[in-house]
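Below is one structure; the comments refer to it alone.
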Amino acid sequence: MKTFSAKPQEVERKWYVIDAADKVLGRGAVEAANILRGKNKTIFTPHVDCGDFVIIVNADKVVLTGNKENAKIYTRFSGYVGGKQVDTPRKIRARRPELLLELAVKGMVPHTRLGRQQMTKLKVYAGAGHPHEAQQPTAITL
């Protein structure tokens, strides 16, 4: 028996939509990351982008459990002296609510060129609408 390895040109891509309203941040991010990587397919190959497109709507209504809304911190560094910036989910949600889900999913895909390529297939929107109706996405319930 030979090991199967998917080829990039043979992968068929589908579109999925996830409604994140009143859902826990991590639960939705895990589902999105698995679809982006292609782990829900039988042809999954770790070094090939086998994943599908994921649309996440209502990102502004995502829920964090416990006291994470105020206690969790997101840190970034500009590279300059004194360039460390710290934000809480409350500040990020006020400024750009899509970023919470994008950061959560980004931490769950490979931190390589492949992961960056997979992240381009993630579309996150704060409201209920999205401009991808022409792709006829399939709804996923969490």
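We use all heavy atoms of the structure for the numbers below, so side chains are in, but hydrogens, waters and symmetry mates are not.
Using the six-membered ring where Trp is involved, Tyr125 and His132 have ring planes that are tilted, between 30° and 60° apart.
Tested against Asp52 for a salt bridge (Lys or Arg N to Asp or Glu O under 4.0 Å), the candidates Lys39, Lys121, Lys41 yield a single pass: Lys41.
Atom CG of Leu122 and atom CD1 of Ile18 lie 8.5 Å apart (nearest 0.5 Å). For the atom pair Arg13 CZ and Cys50 SG, the distance stands at 7.5 Å (nearest 0.5 Å). Here Leu100 contributes atom CG and Lys68 contributes atom NZ; the two are 12.5 Å apart, rounded to the nearest 0.5 Å.
In this structure the side chain of Lys72 reaches within 4.5 angstrom of the side chain of Tyr74, judged on heavy atoms. Side-chain contact between Glu69 and Arg93 is present, with at least one heavy-atom pair separated by less than 4.5 Å. Residues Ile140 and Ile35 form a side-chain contact, since some pair of their non-hydrogen atoms from C-beta on lies under 4.5 Å apart.
Residues satisfying the salt bridge (Lys or Arg N to Asp or Glu O under 4.0 Å) test with Lys106, not counting sequence neighbours, are none.
Remark: Phe4 CZ is packed, more than 12 non-hydrogen atoms of other residues, nucleotides or ligands lying under 6.0 Å away. Heavy atoms from other residues, nucleotides or ligands lying under 6.0 Å from CZ of Arg113 number 12 at most. Environment of CD in Gln136: sparse, with no more than 12 heavy atoms of neighbouring residues, nucleotides or ligands closer than 6.0 Å.
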Start with the C-alpha gap between Glu31 and Lys23, add the side-chain angles, then the distance that decides, and say whether salt bridge (Lys or Arg N to Asp or Glu O under 4.0 Å) holds. CA-CA 12 Å; Glu31 189 68 29; Lys23 302 291 191 266; over 6 Å; no
